[in-house]
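Dropping the structure in here first, questions after.
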Number of protein chains: 2
Amino acid sequence: MLRGDITVAIRNAVMSELAEVGYGRLSIEAVARRAGVGKTAIYRRWSNKLEMVMEIISDVAERKVPLPDTGSFSGDLALLLLIVSTALKHRMASQIIPDLMAEAARNPQIAETLQRALRTHQQAVGEKLIGQAVARGELPEGTDPDVAVDLILGPLYWRLAVARQPIEDDYLEKFTTAVTAALRATV
Amino acid sequence: MLRGDITVAIRNAVMSELAEVGYGRLSIEAVARRAGVGKTAIYRRWSNKLEMVMEIISDVAERKVPLPDTGSFSGDLALLLLIVSTALKHRMASQIIPDLMAEAARNPQIAETLQRALRTHQQAVGEKLIGQAVARGELPEGTDPDVAVDLILGPLYWRLAVARQPIEDDYLEKFTTAVTAALRATV
DNA sequence: AAACGGCGGAACGCAACCGTTACGTCGTAG
DNA sequence: CTACGACGTAACGGTTGCGTTCCGCCGTTT
């Protein structure tokens with residue numbers, strides 16, 4: 001039976017290495033060194049780098065995030081923005097996600113895994129958030145959850161993970177107002 | 001005197017390799033092979049991989065894009081969205097940019113170069129687009145160009161370069177409406 | 001005609017990793 | 001108490017790339 005503590009050490013080492021050097025430069029030997037573990041322990045669990053990373057990443061990605069339900073659309077939206085922006089401020093998210101996204105552009109298997117995780121979350125959030133708002137009459141019938149989610153997550157991701165500019169105090173507030181207005185306008 | 005045609009062949013090879021394998025896995029030897037050139041020709045021009053890539057990328061990034069001026073804000077916006085979305089559909093942009101962005105998260109020199117290019121373009125676009133609209137009275141005084149640009153580019157980048165979902169015919173139209181509404185609302 | 005210099009090609013020693021194997025240790029299940 | 005199996009270590013041959021060097025070729029300049 002494989003030892004659980006060793007597996008945990010390896011998983012942590014993989015996440016750290018991913019954040020530090022990225023998928024492309026991640027080597028099994030470095031993971032073993034960092035985990036304080038023999039290479040054999042790794043090859044006993046996974047047969048190569050891709051399989052290892054995919055299994056570990058899928059696992060993390062599938063952790064469900066709690067969906068907001070504060071009673072009003074603007075409340076839900078503000079909470080969602082807070083959750084996402086907090087998550088994107090952490091190194092694990094802001095380094096690993098763009099790295100894997102770039103990697104996904106040339107590795108179909110990574111792409112598939114990430115897209116599945118992303119789309120699942122995105123749809124869940126979109127449908128719940130928009131569905132609730134439409135049901136409450138806060139947004140017009142026929143609001144497209146797909147476009148709505150792009151409109152909400154896009155700018156946040158852009159600013160935090162791409163442009164890497166800080167979010168000032170009033171940014172989220174302005175942003176909430178703007179997005180609410182955008183969604184009321186026929187999207 | 002270094003031969004210009006050789007330099008061009010190398011530059012093209014670098015861009016192609018960047019798109020195909022990314023910065024992390026780009027090797028001088030592969031570039032030389034692809035360009036049909038000796039390694040010596042490369043080392044005669046740049047002293048290492050980072051310097052080579054940075055010089056070539058800066059060069060490309062500094063090409064000015066024409067700024068839209070159609071006479072109306074919605075026209076400008078639609079044109080801008082069209083330009084950006086077309087650019088992001090090309091492999092060079094949709095592969096290389098996310099890749100370098102991810103790389104920038106761990107290489108300060110790359111980060112600095114990209115941020116400079118990005119911020120310059122972003123500010124130019126924002127100030128011109130929003131400035132014109134405010135001057136025409138189409139947007140309220142005090143509209144924040146910074147937030148506006150996030151709101152415009154974010155969703156597009158998210159959808160095309162991150163989520164990698166196609167843009168349907170009516171998407172840009174809906175999106176234009178939404179963004180216009182968003183910006184009119186006090187941003 | 002001769003000198004110069006950029007060129008491709010080949011090889012160098014060095015380093016990092018790959019995936020695999022053999023070995024000896026140690027904790028635990030039976 | 002014994003047997004099993006997961007462990008770390010070390011070494012294997014093979015691959016890839018680094019940055020450098022030397023060579024002979026060839027077009028340009030002088």
Side-chain angles (χ1 to χ4, degrees), chain A residues 1-57 59 95-96 99-100 102-103 105-110, chain B residues 1-57 59 95-96 99-100 102-103 105-110:
Chain A
M1 199 52 198
L2 299 172
R3 272 171 55 186
D5 57 335
I6 302 273
T7 306
V8 169
I10 297 174
R11 299 180 104 89
N12 292 339
V14 167
M15 294 304 285
S16 301
E17 284 290 311
L18 271 185
E20 263 180 39
V21 304
Y23 178 85
R25 281 198 265 273
L26 180 140
S27 80
I28 303 273
E29 310 221 342
V31 170
R33 273 196 301 274
R34 179 168 213 139
V37 140
K39 272 202 296 180
T40 43
I42 296 181
Y43 280 109
R44 218 169 276 126
R45 289 168 171 76
W46 302 279
S47 67
N48 54 52
K49 165 171 141 181
L50 177 61
E51 193 184 301
M52 175 181 72
V53 172
M54 295 308 294
E55 203 252 33
I56 293 175
I57 288 295
D59 207 65
Q95 307 257 74
I96 295 183
D99 181 83
L100 288 179
E103 198 59 36
R106 47 190 90 85
N107 187 320
Q109 199 171 338
I110 294 184
Chain B
M1 198 51 199
L2 298 171
R3 271 173 55 186
D5 55 335
I6 302 272
T7 306
V8 169
I10 297 174
R11 299 181 104 89
N12 292 339
V14 167
M15 294 305 284
S16 301
E17 284 290 311
L18 271 184
E20 263 180 38
V21 305
Y23 178 84
R25 282 199 263 275
L26 179 141
S27 79
I28 303 271
E29 311 222 342
V31 170
R33 274 197 300 274
R34 179 168 216 138
V37 141
K39 272 203 294 179
T40 42
I42 296 181
Y43 281 108
R44 219 169 275 127
R45 289 167 172 77
W46 303 278
S47 66
N48 55 52
K49 167 171 142 182
L50 178 60
E51 192 184 302
M52 173 181 72
V53 172
M54 295 307 295
E55 203 254 33
I56 293 175
I57 288 295
D59 207 64
Q95 307 257 77
I96 295 183
D99 182 83
L100 288 179
E103 199 59 35
R106 48 190 88 86
N107 186 321
Q109 199 171 339
I110 294 184

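Below, chains carry the letters A, B, ... as their sequence lines are ordered, and counting in each starts from 1.
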query: Can you tell me how far CE of B:Met52 sits from CG of B:Leu26, rounded to the nearest 0.5 angstrom?
result: 5.0 Å
- request: Could you check which of C:dG8, D:dC18, D:dC7 has an atom nearest any side-chain atom of B:Val37?
  value: C:dG8
task: Measure from the side-chain N and O atoms of B:Ser47 to the backbone N and O of B:Tyr43, and report whether any donor-acceptor pair falls under 3.5 Å.
output: no
query: Between B:Leu2 (CG) and C:dG5 (C1'), how many Å, whole number?
result: 10 Å
- line: Checking C:dC7, D:dG8, D:dG17 against the side chain of B:Ile6 (C-beta onward), the nearest is C:dC7
statement: Nearest heavy-atom contact between A:Gln109 and A:Met54 is O-CE, 3.5 Å
- prompt: Looking across every strand, which nucleic acid part, if any, lies under 4.0 Å from A:Thr40 by heavy atom: base, sugar-phosphate, or nothing?
  reply: base
field: Distance in angstrom units between A:Arg3 CZ and C:dA29 P, rounded
entry: 13 Å
- prompt: Between B:Glu29 (CD) and D:dC18 (C1'), how many Å, whole number?
  reply: 7 Å
query: OH of B:Tyr43 versus P of C:dG6: gap in Å, rounded?
result: 18 Å
- prompt: Is any N or O donor-acceptor pair between the side chain of B:Lys39 and the base of D:dG19 shorter than 3.5 Å?
  reply: yes
message: Rounded to whole Å, please give me the gap between CD1 in A:Ile42 and C1' in D:dA6.
response: 14 Å
query: Does OP1 or OP2 of D:dG17 have a side-chain N or O of B:Arg33 closer than 4.0 Å?
result: yes
field: Closest contact, heavy atoms only, B:Ala30 versus B:Glu17
entry: CB-OE1, 3.6 Å
field: Interatomic distance where CZ belongs to A:Arg34 and C1' belongs to C:dC17 [whole Å]
entry: 17 Å
- request: Taking only the side-chain nitrogens and oxygens of B:Arg44, find out if one of them lies under 4.0 Å from OP1 or OP2 of D:dT20.
  value: no
task: Starting from P on D:dT15, measure out to CD1 on A:Ile28 and report it in whole angstrom.
output: 19 Å
field: Length of the line joining A:Met52:CE and C:dC17:P, which is rounded to integer Å
entry: 13 Å
- request: Quick one: label A:Arg25 by what it contacts on the DNA or RNA (base, sugar-phosphate, nothing), any heavy atom closer than 4.0 Å.
  value: nothing
query: Are any side-chain N or O atoms of A:Asp99 and backbone N or O atoms of A:Tyr23, one a donor and one an acceptor, separated by less than 3.5 Å?
result: yes
query: Is A:Arg45 near enough to D:dC7 that one of its side-chain N or O atoms lies under 4.0 angstrom from OP1 or OP2?
result: yes
task: Identify which nucleotide among C:dC17, D:dC18, D:dG8 has an atom closest to any side-chain atom of B:Ser27, counting heavy atoms from C-beta outward.
output: D:dC18
